[in-house]
Amino acid sequence: MEIGRVDVFRYELTYVGRSYVMSGGREIASLPATVVRLTADDGMTGFGETCPLGAAYLEAHGEGARVALRELAPVLVGLDPREPQVLLDQMDAVLRGHGYAKSAVDSACWDLLGKVAGMPVCTLLGGRRSASYPLYVAIPLGSAEAMTTEVERLRSEGIHHFQLKLGADPREDAARVHSVLEACDADDLVIADANGGWRLQDAVIAARLLEPLERVFFEQPCPTLEECLYVRKLTRLPIVLDEVITDQISLMRAYQAQAMEAINLKISKAGGITRARQLRDLAETLGLRLTIEDTWGGDLVTAAVSHLAASTAPGALFTVSFMNDWTREHIAGHQPRSRNGVGAAPHAPGLGVEVDLDQLGEPIFSCET
């Protein structure tokens with residue numbers, strides 16, 4: 001089997017709320033998503049998607065994915081899509097970095113591989129170890145009242161895992177967390193996530209104010225591992241690291257420094273399902289727990305996340321997000337779809353979703369034999 005054609009599409013994803021606000025003045029209302037379709041010489045197709053969270057979150061941006069894919073598409077034609085690691089090797093040989101762009105190609109390979117095998121991706125990743133799992137929703141940075149009101153609304157819909165966007169004034173952030181906890185019960189999961197928005201002094205203040213609450217998990221307080229380690233030594237709060245964990249080397253470095261108990265594993269940040277699985281397996285071996293998600297995305301990103309989460313050991317799964325619950329546009333019928341705060345991977349072969357090409361329109365560019 002060979003790839004005979006590569007098509008790249010674009011569409012816009014808009015946030016379901018008014019705006020998605022994070023630390024550092026970062027605010028999102030809509031984002032450009034990019035979809036890759038690989039067509040094999042026998043006509044079978046596989047789809048993948050990438051959607052960076054703006055240009056100031058990681059070293060990635062929407063238009064950058066498309067430019068990178070223009071460079072990568074020619075080398076993909078003629079390769080066997082059933083060999084995702086081989087495709088990654090070839091892409092790395094012609095373009096360093098840009099894992100977020102390569103991620104869409106990698107997901108498309110797994111989709112096609114699953115269809116050829118007649119199996120869902122989670123089976124190919126080791127098996128459906130979790131039939132379902134609880135999902136979290138991120139609460140944008142805002143007033144304590146607004147954030148608490150949103151948590152109350154989501155709890156009424158069955159959501160009980162919350163990631164609170166913080167990273168502003170640490171005392172005001174502590175008040176936000178206090179207010180939300182008053183609206184939650186003892187079984188709810190609350191994560192205080194600064195997205196690296198605090199510098200050392202503010203992070204230490206926030207940790208000391210939050211530490212008496214005990215029920216709170218502290219995520220990525222500072223932008224660098226060194227700063228996070230400094231805070232780590234001064235708090236008993238369980239820590240989740242996200243932005244600084246990008247590959248196996250950074251994971252091992254943080255683990256050896258005893259920096260965290262959990263990591264946030266984003267598929268496109270890792271460079272695709274193939275490399276995210278490698279990170280997942282290493283984290284499981286080390287006894288770490290994982291949030292499994294992506295930077296942003298629609299139905300295809302959510303499908304990829306759902307399969308990686310389903311194939312993760314239940315005891316290692318911290319929480320999961322279905323990004324297509326956070327966006328208005330749906331190119332695969334809003335599948336997979338959450339139910340009462342719970343997600344599951346599709347059972348159909350590949351990613352298990354059907355892409356509506358009418359929703360995508362014509363490709364922005366193509367490359368074929």
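All heavy atoms count here, side chains included; hydrogens, waters and symmetry mates do not. Just so it is clear, the structure is predicted and the values come from calculations on it, not from any experiment.
Between Gln85 and Asp89, some side-chain heavy-atom pair lies under the 4.5 Å cut-off. For the pair Val67 and His98, the minimum side-chain heavy-atom distance is 4.5 Å or more. When side chains are defined from C-beta on, Tyr133 counts as touching Ser306, because their heavy atoms get closer than 4.5 Å. Taking the side chain as every heavy atom from C-beta outward, Leu351 and Phe47 never approach each other to under 4.5 Å. Considering only heavy atoms from C-beta on, Asp80 stays 4.5 Å or farther from Val86 through its side chain. When side chains are defined from C-beta on, Leu357 counts as touching Leu360, because their heavy atoms get closer than 4.5 Å. Contact annotation: the side chain of Val353 approaches that of Leu300 to within less than 4.5 Å [non-hydrogen atoms, C-beta and beyond]. Inter-residue side-chain proximity for Pro336 and Thr302 is flagged as met; some heavy-atom pair is nearer than 4.5 Å.
Taking the six-membered ring for Trp and the full ring otherwise, Tyr100 and Trp296 have centroids separated by 6.0 Å or more.
Remark: Asp173 engages Arg176 in a salt bridge, criterion side-chain N to carboxylate O under 4.0 Å. Arg153 has a carboxylate O that lies under 4.0 Å from a charged side-chain N of Glu150, or vice versa, which qualifies the two as a salt bridge. A salt bridge is defined here as a Lys NZ or Arg NE, NH1 or NH2 lying under 4.0 Å from an Asp or Glu carboxylate O, and Glu261 with Arg289 fails to meet this definition.
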Considering only distance and modelled atom types, tabulate donor-acceptor pairs under 3.5 Å from the side chains of residues 118-126, sequence neighbours left out.
none

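Of the possible polar contacts, none joining the Gln278 side chain to the Gln248 backbone as a donor-acceptor pair under 3.5 Å is found. A side-chain donor-acceptor contact under 3.5 Å links Asp185 to the backbone of Asp188. The backbone N or O of Ile245 sits less than 3.5 Å from a side-chain atom of Lys269, completing a donor-acceptor pair. Distance alone, capped at 3.5 Å, places no donor-acceptor pair between the Ser179 side chain and the Ala175 backbone. In this structure, the side chain of Ser103 does not engage the main chain of Gly99 through any donor-acceptor pair within 3.5 Å. A distance-only check finds no donor-acceptor pair linking the side chain of Ser321 to the backbone of Asp294 [under 3.5 Å]. Side chain of Asp106 to backbone of Ile273: a donor-acceptor contact under 3.5 angstrom is found. Put simply, the side chain of Gln220 gets close to the backbone of Glu243: a donor and an acceptor are under 3.5 Å apart. In this structure a side-chain-to-backbone donor-acceptor pair under 3.5 Å is present from Glu329 to Thr14. Side-chain N or O atoms of Gln163 include none that pairs as donor or acceptor with a backbone N or O of Ile191 at under 3.5 Å.
Arg277 and Thr274 form no side-chain donor-acceptor contact under 3.5 Å, judged by distance and modelled atom types alone. Looking only at atom types and distance, the side chain of Asn324 has no donor-acceptor partner in the side chain of Thr327 under 3.5 Å away.
Annotation for Glu211: atom CD counts as buried by contact number, over 12 foreign heavy atoms lying within 6.0 Å. Heavy atoms from other residues, nucleotides or ligands lying under 6.0 Å from CD of Glu27 number more than 12. The 12-atom threshold is not exceeded at CD of Gln258, counting heavy atoms of other residues, nucleotides or ligands nearer than 6.0 Å. For Tyr11, the OH atom sits in a packed shell: over 12 heavy atoms of surrounding residues, nucleotides or ligands are nearer than 6.0 Å. Applying the 6.0 Å contact sphere to CZ of Arg155 captures more than 12 heavy atoms from other residues, nucleotides or ligands.
Residues Leu141 and Val16 fall into different hydrophobic clusters, defined by Ile, Leu, Val, Met, Phe, Trp and Tyr side chains chained together at heavy-atom separations under 4.5 Å. Hydrophobic cluster membership differs between Leu237 and Leu209, with clusters built from Ile, Leu, Val, Met, Phe, Trp and Tyr side chains linked at under 4.5 angstrom. Two different hydrophobic clusters hold Val244 and Phe318 under the rule that ILVMFWY side chains link at heavy-atom gaps under 4.5 Å. Hydrophobic clustering (side-chain heavy atoms under 4.5 Å, transitive across Ile, Leu, Val, Met, Phe, Trp, Tyr) groups Leu241 together with Tyr255. Residues Leu225 and Tyr230 share a single hydrophobic cluster, defined by chaining ILVMFWY side chains whose heavy atoms lie under 4.5 Å apart.
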Could you go step by step and tell me if Ile239 and Cys228 meet the side-chain contact (heavy atoms from CB on, under 4.5 Å) rule? CA-CA 9 Å; Ile239 287 184; Cys228 290; 5.9 Å; no

Before you tell me yes or no, could you show the steps for Glu152 and Thr148 under side-chain contact (heavy atoms from CB on, under 4.5 Å), namely the whole-Å CA-CA distance, both residues' side-chain angles and the distance that decides it to 0.1 Å? CA-CA 6 Å; Glu152 291 172 337; Thr148 303; 4.0 Å; yes

With side-chain contact (heavy atoms from CB on, under 4.5 Å) as the criterion, how do Val342 and Asn340 come out once you've worked through the C-alpha distance, each side chain's angles and the decisive distance to 0.1 Å? CA-CA 6 Å; Val342 175; Asn340 299 317; 5.5 Å; no

Could you give me the CA-CA distance, side-chain angles and deciding distance for Arg37 and Thr45, then say whether side-chain hydrogen bond (donor to acceptor under 3.5 Å, both in side chains) is met? CA-CA 7 Å; Arg37 177 177 63 186; Thr45 58; over 6 Å; no

Where do Tyr136 and Leu189 land on the side-chain contact (heavy atoms from CB on, under 4.5 Å) test, with the steps shown first? CA-CA 8 Å; Tyr136 91 82; Leu189 177 68; 5.8 Å; no

Could you walk me through whether Arg339 and Ser132 pass the side-chain hydrogen bond (donor to acceptor under 3.5 Å, both in side chains) test, one step at a time? CA-CA 10 Å; Arg339 294 286 186 274; Ser132 63; over 6 Å; no

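Considering CG of Leu282 and CG of Leu251, their distance stands at 4.5 Å, rounded to 0.5 Å. A distance of 4.0 Å separates CG in Asp242 from CG in Asn264, rounded to the nearest 0.5 Å.
Relative ring orientation between His334 and His330 is described as parallel, the plane-to-plane angle staying below 30° on a 0-90° scale split at 30° and 60°.
The two residues Val216 and Ala192 have their closest heavy-atom pair at CG1-CB, 3.8 Å.
Grouped by direct or indirect side-chain proximity (heavy atoms under 4.5 Å, Ile/Leu/Val/Met/Phe/Trp/Tyr only), Leu69 sits with Met1, Ile3, Val6, Val8, Val36, Leu38, Met44, Leu72, Val75, Leu76, Val77, Leu79, Leu87, Leu88, Met91, Val94, Leu95, Val105, Leu112, Val116, Ile364, Phe365.
Applying the salt bridge (Lys or Arg N to Asp or Glu O under 4.0 Å) rule to Arg253 yields the partners Glu226; only residues at least two apart in sequence or on another chain are considered.
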